[in-house]
Number of protein chains: 2
Amino acid sequence: MNQYYKKRAKFHVAVDCIIFGFDEGELKLLLLQRNFQPAKGQWSLMGGFAEEEENIDDSAKRVLNELTGLDNVYMKQVGTFGNIDRDPGERVISVVYYALIKINEYDRELVNKHNAHWVKMDEIPPLIFDHPLMVKQALELMQRQSSYEPIGFNLLPPLFTLTQLQTLYEAINAEKMDKRNFRKKVATMDFIEKTENIDKTNSRRGAYLYKFNNKVYKKDPKFNL
Amino acid sequence: MNQYYKKRAKFHVAVDCIIFGFDEGELKLLLLQRNFQPAKGQWSLMGGFAEEEENIDDSAKRVLNELTGLDNVYMKQVGTFGNIDRDPGERVISVVYYALIKINEYDRELVNKHNAHWVKMDEIPPLIFDHPLMVKQALELMQRQSSYEPIGFNLLPPLFTLTQLQTLYEAINAEKMDKRNFRKKVATMDFIEKTENIDKTNSRRGAYLYKFNNKVYKKDPKFNL
DNA sequence: TCAAAAGTGTTAATAGTACACCCATGA
DNA sequence: TCATGGGTGTACTATTAACACTTTTGA
């Protein structure tokens, strides 16, 4: 060990994940009803400890994967929560990330094993420790980012209708939007491409399916919704 | 020690501060030309290790105070940098904050003792480790936040002219603004209050001094510049 | 034929941008 | 008197907001 670091205190470091999903027109979080100690029986975020030989970003990816089986998920650091007593058991510094996942693609078995459940944003149960604050900050960050970066598509299937897209943004921002104004704006973004496919699950008439073209977006990365 | 945490790895945790100041129409950073090991002689951010019985936010305040002698400084967490090899000496996880200080109020003696210097944003020397990335992210965050929250006033004296205010925002965003449009916008924000005082340091005619009234702002917190 | 979701334009209001001259003062 | 920074208004453009009816189709 290098002499300059010898005498310094060391800390437990954890990651916690705020996992967003979009289903039935609602924004949801994947939360654990803990079937393990500590705080067994209570609700919490999915979390885990950072490991010795692991970048913190990778810890977050690993923890998310342990619960959902998913890789290559959009994740963003929210911040670090480092108050002395935030975990009543022992001091743990937690680095918090939010994740956006397609709600039909996760591994049901793993989720069941962890006793995790999708909960609507406005029906979130009391959470342990400072997890409520983490959720609040994650939501605020995600709302802001989703308005100027095309991250919402991570919550949708590869092909989606304009109604789905609008409902998603209404759910994220918790406010209704005007259909014609919304579509006018979408029409200006040529990286949101109409396909020939039609989805008939929600109407007899059917609605055109669209896709997000990231290559086109990268050429002229301007987005706001 | 609680049984659930026993086997977990522990980590050195540090804080690093990106200290912004505004002087002579320019945005500047307070950087250290290190007169101590490791990396002695090289340029870096002001940093320090978190202590056992200290909230991380308080570690940042302490470290800032050690360099500047200042308390009650506006600070905001930028994020946490946790790659394994970011510090070549040993693994250190760093929580990064930016600070906005009034450039005439810091403690010269302390700053000299640390061999710290104010450096213009466009003349930043090569920095150690991942400090350049930290600076980049801090600047981007500060630019975004300064556009929708009245944090810029932390960089100005309590009384300031409109020219100073405009120059500040021009420095933050690295772009010129139109004087009349700028003043029109300021006039709509009634928490930016004109005083009877006149500053004659920059013109024979003198310019009215304004102040930021936080109480008025809180009543109707809308800001954008 | 009718219920239900998809799709489509125009107008008004607001916000943002561009632009040039007079004012007050002390040296 | 003149050089210097302080202060002011108007016209144009772009963006956003409000608003209602027709289309398609399968049951």
Side-chain angles (χ1 to χ4, degrees), chain A residues 22-26 143-144 146-148 156-157 159-190 192-211 220 222-225, chain B residues 22-26 143-144 146-148 150 156-157 159-190 192-211 220-225:
Chain A
F22 177 64
D23 187 34
E24 296 171 335
E26 304 240 33
Q143 286 172 331
R144 235 175 301 130
S146 70
S147 76
Y148 60 82
L156 292 174
L159 295 178
F160 50 85
T161 67
L162 292 184
T163 303
Q164 277 181 292
L165 186 63
Q166 180 175 347
T167 313
L168 170 65
Y169 276 86
E170 289 177 340
I172 289 174
N173 298 308
E175 61 177 28
K176 288 275 167 202
M177 300 181 192
D178 180 272
K179 184 162 60 157
R180 279 175 290 188
N181 292 338
F182 182 85
R183 284 165 186 243
K184 210 188 305 172
K185 228 173 186 179
V186 167
T188 67
M189 302 185 219
D190 51 3
I192 301 177
E193 296 177 344
K194 193 175 188 172
T195 70
E196 290 310 305
N197 305 8
I198 287 176
D199 174 276
K200 293 217 169 187
T201 45
N202 291 307
S203 70
R204 310 193 193 292
R205 178 177 175 176
Y208 276 101
L209 287 162
Y210 288 70
K211 65 181 178 195
D220 184 23
K222 275 167 203 146
F223 181 90
N224 86 305
L225 268 180
Chain B
F22 177 64
D23 186 35
E24 296 172 335
E26 305 240 30
Q143 286 172 329
R144 236 175 299 128
S146 70
S147 76
Y148 60 82
L156 292 175
L159 295 178
F160 49 86
T161 67
L162 293 184
T163 303
Q164 276 180 294
L165 186 62
Q166 178 174 350
T167 313
L168 169 64
Y169 276 85
E170 289 177 341
I172 289 174
N173 299 307
E175 61 178 27
K176 287 275 167 201
M177 299 181 194
D178 180 273
K179 183 165 54 159
R180 277 175 291 186
N181 293 338
F182 182 84
R183 283 163 187 243
K184 210 189 305 174
K185 229 173 184 177
V186 167
T188 67
M189 301 185 221
D190 51 3
I192 301 176
E193 295 177 343
K194 192 174 187 172
T195 71
E196 291 308 306
N197 306 7
I198 287 177
D199 174 276
K200 294 216 170 190
T201 45
N202 291 306
S203 69
R204 310 192 195 291
R205 176 178 176 176
Y208 276 101
L209 286 163
Y210 288 70
K211 65 180 175 195
D220 184 23
K222 275 169 203 144
F223 181 91
N224 87 305
L225 269 180

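In what follows, every chain begins at residue 1, and chains take the letters A, B, ... in the order their sequences are listed.
The closest donor-acceptor contact from the side chain of A/Glu170 to the backbone of A/Met177 lies under 3.5 Å. At least one donor-acceptor pair under 3.5 Å links the side chain of A/Gln143 to the backbone N or O of A/Ile172.
Of the residues in residues 161-177 of chain B, none has a non-hydrogen atom less than 4.0 angstrom from any atom of DNA chain C. DNA chain D is contacted by B/Asn202, B/Ser203, B/Arg204, B/Arg205, B/Gly206, B/Ala207, B/Tyr208 of residues 196-209 of chain B, taking any non-hydrogen atom closer than 4.0 Å.
Nearest to the side chain of B/Arg180, among D/dA18, D/dG9, C/dT17, sits D/dG9. The side chain of A/Asn224 lies closest to D/dT16 when the candidates are D/dC19, D/dA17, D/dT16. Taking every side-chain heavy atom of A/Lys179 into account, C/dA6 is the closest of C/dT17, C/dG16, C/dA6. Minimum atom distance to the side chain of A/Arg183 is reached by C/dG7, of the listed D/dA18, D/dT10, C/dG7.
Between the NZ atom of A/Lys184 and the P atom of C/dG7 there is a distance of 17 Å, given to the nearest Å. Residue A/Asn181 contributes atom CG, which lies 11 Å from atom C1' of C/dT10 at whole-angstrom precision. Between the CG atom of B/Asp178 and the C1' atom of C/dA15 there is a distance of 15 Å, given to the nearest Å.
In the displayed structure, B/Phe182 atom CZ is contacted under 6.0 Å by more than 12 heavy atoms of other residues, nucleotides or ligands.
Between the CE atom in A/Met189 and the CD1 atom in A/Ile192 there is a gap of 5.0 Å [rounded to 0.5 Å].
Between the axis at the start and the axis at the end of the helix from C/dT1-D/dA27 to C/dA27-D/dT1 there is an angle of 10°, using five pairs per end and rounding to 10 degrees.
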